[in-house]
Amino acid sequence: VLAVGAIAGTLVGLLLAQSSMRPPGPVDALRIAIRRGELVPYYQPIFELATARIVGCEVLVRWVRRDGELVFPDRFIPIAEASGLIVPMTERLVEQALSELAPLLSGRPEFKTAFNIDPAHFVQQGFLDALDQIVAQTGWPNTRIVLELTERNAFPDMKQAVAVTKEARTRGYRISLDDTGAGHNGLGHIQDLNPDIIKIDKKFVGVAGTVEAADAIIEVLVNLGQRMGAVVVAEGIETEDQRATLAHAGVAQGQGYLISRPVPLARFRTLIRDHELV
Ligand code: C2E
Ligand code: CA
Ligand code: CA
Ligand code: CA
C-alpha cells in the first residue's frame with residue numbers, strides 16, 4: 001500500500017512539475033493579464049467636425065504590462081477572439097470604462113461611450129442580458145452606449161446578428177457599423193443591420209481631399225447616412241485639411257490624432273475639461 005501510494009505521489013508530483021514547467025503560451029499569458037487587470041481602457045474623443053465639441057469617446061483596449069510596456073490590440077485581440085477570452089476581457093473593459101467615466105454623465109446629456117464588440121461575441125446567447133447587467137450597475141442609461149461592429153470580418157451568423165441588433169436597439173443601445181467600406185461585404189451590412197451610426201474607415205479618411213475615389217465613397221456614405229437617418233463618423237482624422245474636407249462633405253462627427261490619440265483616464269478627463277473651457 002505504501003509503495004503504491006509512493007508511486008502515485010511521484011506520478012502526481014511529476015505531472016504537477018510538468019504542468020508548471022510548461023512555458024505559458026500566449027493564451028495563458030492573456031488570461032493571467034485579464035485576471036490581474038492589466039487590460040485597461042484608453043479613450044479617444046469623438047467630436048463634432050463643425051465645432052470641435054466632444055460628443056463622446058471610443059474605448060480602445062491597451063495591455064499595460066507590469067514592467068510598464070504598452071501592448072497594442074492588434075497583438076492580442078486575435079488571440080482573445082480565437083480563445084474566447086474576448087468575452088471576459090470585454091465585460092471587464094465595459095465595467096471599468098463605464099465606472100470610471102460615470103462622473104461625465106451629469107451635465108453632458110449627449111456624451112456617449114462606444115465599445116468595439118467582436119461579432120462572434122455579439123451573437124452569443126445571453127450577450128445582451130450580461131451587458132444590461134453590467135451597464136445597469138454603472139448607472140449609465142443604455143441609450144448612451146454605442147456598440148461598434150466591424151465590417152472587416154464576415155459575421156458568423158448574419159440572421160442572428162440582425163436579430164440581436166434589433167433587440168439591442170429595442171433595449172436602447174446604439175449600433176455602429178465600423179470600418180464601413182473596408183470589409184468584404186460591400187454595403188450589404190448597412191442594409192441588413194440598419195445601423196444608427198456609420199463609421200467611415202480611415203483608409204478613405206486618410207486620403208480625403210486628395211484621392212477622387214475616396215471622396216466619392218465618402219459622398220456615398222454621407223448620402224446613405226442621410227437617407228437612413230444614421231450619424232456618419234469619420235475615423236483617423238489627422239490633419240486640419242482632412243477635417244475641413246470631411247465637414248464640407250457633410251460628415252457630422254469624427255475622431256483622430258488631430259484632436260487626440262487614445263489616452264488613459266486621467267489625460268482624457270483633462271482633455272474634456274480643457275475643451276469645455278474654450
Ligand atoms: P478600430 O476599431 O478601427 O479603431 C481605430 C484604430 O485607429 C485604433 O487603433 C486607433 O487608435 C486608431 N486611430 C485613431 N485615430 C487615428 C489617427 O488619426 N490616425 C491613425 N493612423 N490611427 C488612428 P488601436 O487602438 O490600435 O486598435 C486597433 C483595432 O483593435 C481597433 O480598430 C479594433 O478593431 C480593435 N480593438 C481595439 N480595442 C478593442 C476592444 O476593446 N475590443 C475589440 N473586440 N476590439 C478592439
Ligand atoms: Ca472601432
Ligand atoms: Ca474603425
Ligand atoms: Ca478601421
Side-chain angles (χ1 to χ4, degrees), residues 30 33-34 37-47 49 52 54 56-64 70-98 100-101 112-124 127 131 134 145-153 155-156 174-183 189 195-208 231-243 245-246 251 253-264 267-268 271:
L30 188 60
I34 293 169
E38 290 179 19
L39 283 103
V40 301
Y42 270 44
Y43 304 99
Q44 186 174 40
I46 298 176
F47 60 97
L49 292 191
I54 295 176
C57 68
E58 176 177 1
V59 174
L60 293 152
V61 68
R62 299 289 183 264
W63 180 351
V64 183
L70 202 63
V71 185
F72 285 82
D74 291 350
R75 282 194 35 213
F76 60 87
I77 289 291
I79 299 167
E81 288 177 351
S83 63
L85 285 172
I86 195 75
V87 174
M89 188 207 84
T90 304
E91 289 180 350
R92 282 198 67 152
L93 203 68
V94 171
E95 187 185 359
Q96 189 183 343
L98 294 182
E100 59 188 33
L101 292 181
K112 293 184 183 63
T113 298
F115 294 96
N116 293 287
I117 306 294
D118 169 31
H121 182 193
F122 184 74
V123 298
Q124 258 180 37
F127 165 75
L131 184 67
I134 296 166
I145 312 288
V146 177
L147 306 177
E148 294 194 2
L149 301 168
T150 182
E151 208 194 53
R152 244 169 227 296
N153 317 312
F155 274 84
R174 302 285 194 263
I175 300 294
S176 175
L177 191 60
D178 207 349
D179 308 312
T180 305
H189 278 160
D196 305 279
I197 296 155
I198 295 171
K199 272 188 114 165
I200 308 178
D201 194 72
K202 53 180 183 282
K203 173 181 182 177
F204 310 114
V205 173
V207 293
V231 177
V232 177
V233 181
E235 69 175 20
I237 303 174
E238 295 183 350
T239 69
E240 171 51 29
D241 276 358
Q242 287 165 2
R243 186 207 61 78
T245 304
L246 291 157
V251 177
Q253 300 177 359
Q255 56 190 107
Y257 297 169
L258 175 66
I259 293 276
S260 170
R261 286 175 180 263
V263 291
R267 281 186 33 218
F268 186 65
L271 200 95

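Start at 1 and go down the list; that is how both ligands and their atoms are numbered.
Near Asp179, meaning under 4.0 Å from any of its heavy atoms, are these atoms of ligand 1: 3 (O). Short contacts between ligand 1 and Asp74, defined as distances under 4.0 Å to a heavy atom of the residue, involve ligand atoms 28 (C), 29 (C), 30 (O). The atoms of ligand 1 that sit less than 4.0 Å from any heavy atom of Gly256 are 15 (N), 18 (O). Close contacts between ligand 1 and Glu58 involve ligand atoms 2 (O), 4 (O) [criterion: under 4.0 Å to a heavy atom]. The atoms of ligand 1 that sit less than 4.0 Å from any heavy atom of Gln44 are 14 (C), 15 (N). Within the listing of ligand 1, atoms 11 (O) sit less than 4.0 angstrom from a heavy atom of Pro262.
Contact check on Arg243 versus Glu240 returns a salt bridge, with a Lys/Arg side-chain nitrogen under 4.0 Å from an Asp/Glu carboxylate oxygen.
One of the N, O or S atoms belonging to Glu148 lies under 3.0 Å away from the Ca ion (ligand 2). Taking 3.0 Å as the criterion, Thr150 does not count as a coordinating residue of the Ca ion (ligand 2), since none of its N, O or S atoms falls below it.
For Asp118, the salt bridge (charged side-chain N to carboxylate O under 4.0 Å, His left out) test picks out no residue, with sequence neighbours left out.
Heavy atoms only, all atoms of each residue included: Glu148 and Ala114 are closest at OE2-CB, 3.5 Å. Taking both residues in full, the closest heavy atoms of Gln96 and Leu39 are given as OE1-O, 4.1 Å, listed atom of the first, atom of the second, then distance. Shortest non-hydrogen contact noted between Tyr43 and Cys57 is CD2-SG, 4.0 Å. Here the shortest heavy-atom pairing between Ala97 and Phe115 reads CB-CE2, 3.8 Å.
With distances taken over non-hydrogen atoms, the option nearest atom 1 (P) of ligand 1 out of Asp178, Leu39, Ile237 is Asp178. Among Tyr257, Tyr42, Phe122, the residue whose heavy atom sits closest to atom 17 (C) of ligand 1 is Tyr257. Counting heavy atoms only, Lys202 comes closest to atom 12 (C) of ligand 1 of the residues His121, Lys202, Gln242.
For Val61, heavy-atom contacts with ligand 1 shorter than 4.0 Å involve the backbone as well as the side chain. Contact annotation for Arg261 and ligand 1: no heavy atom of the residue comes within less than 4.0 Å of the ligand. Counting heavy atoms closer than 4.0 Å to ligand 1, residue Glu235 contributes side-chain atoms (C-beta onward) but none from N, CA, C or O.
Contact of the Arg261 side chain with the Tyr42 side chain is not registered, since no non-hydrogen atoms from C-beta on lie closer than 4.5 Å. Using a 4.5 Å cut-off on side-chain heavy atoms (C-beta onward), Gln253 and Phe47 make no contact. Annotation: side chain of Arg75 is not in contact with side chain of Trp63 (no heavy-atom distance under 4.5 Å).
At distances below 3.5 Å, not a single donor-acceptor pair connects side-chain atoms of Ser260 with backbone N or O atoms of Gln44. For the pair Asp196 (side chain) and Ile175 (backbone), a donor-acceptor distance under 3.5 Å is present. Side chain of Glu238 to main chain of Gly206: no donor-acceptor pair is present (N/O by atom type, distance under 3.5 Å, no hydrogens or angles).
In terms of distance to the Ca ion (ligand 2), the nearest N, O or S atom of Asp178 is named OD2. Among the heteroatoms counted here (N, O or S) of Glu58, OE2 is the one nearest to the Ca ion (ligand 2).
At under 3.5 Å, a nitrogen or oxygen of Asn116, whether backbone or side chain, sits near a nitrogen or oxygen of ligand 1. Residue-to-ligand polar distances place Glu238 within reach of ligand 1: an N/O pair is separated by less than 3.5 Å.
Residue Ile86 places a heavy atom less than 4.0 Å from ligand 1. At least one heavy atom of Leu93 sits less than 4.0 Å from an atom of ligand 1.
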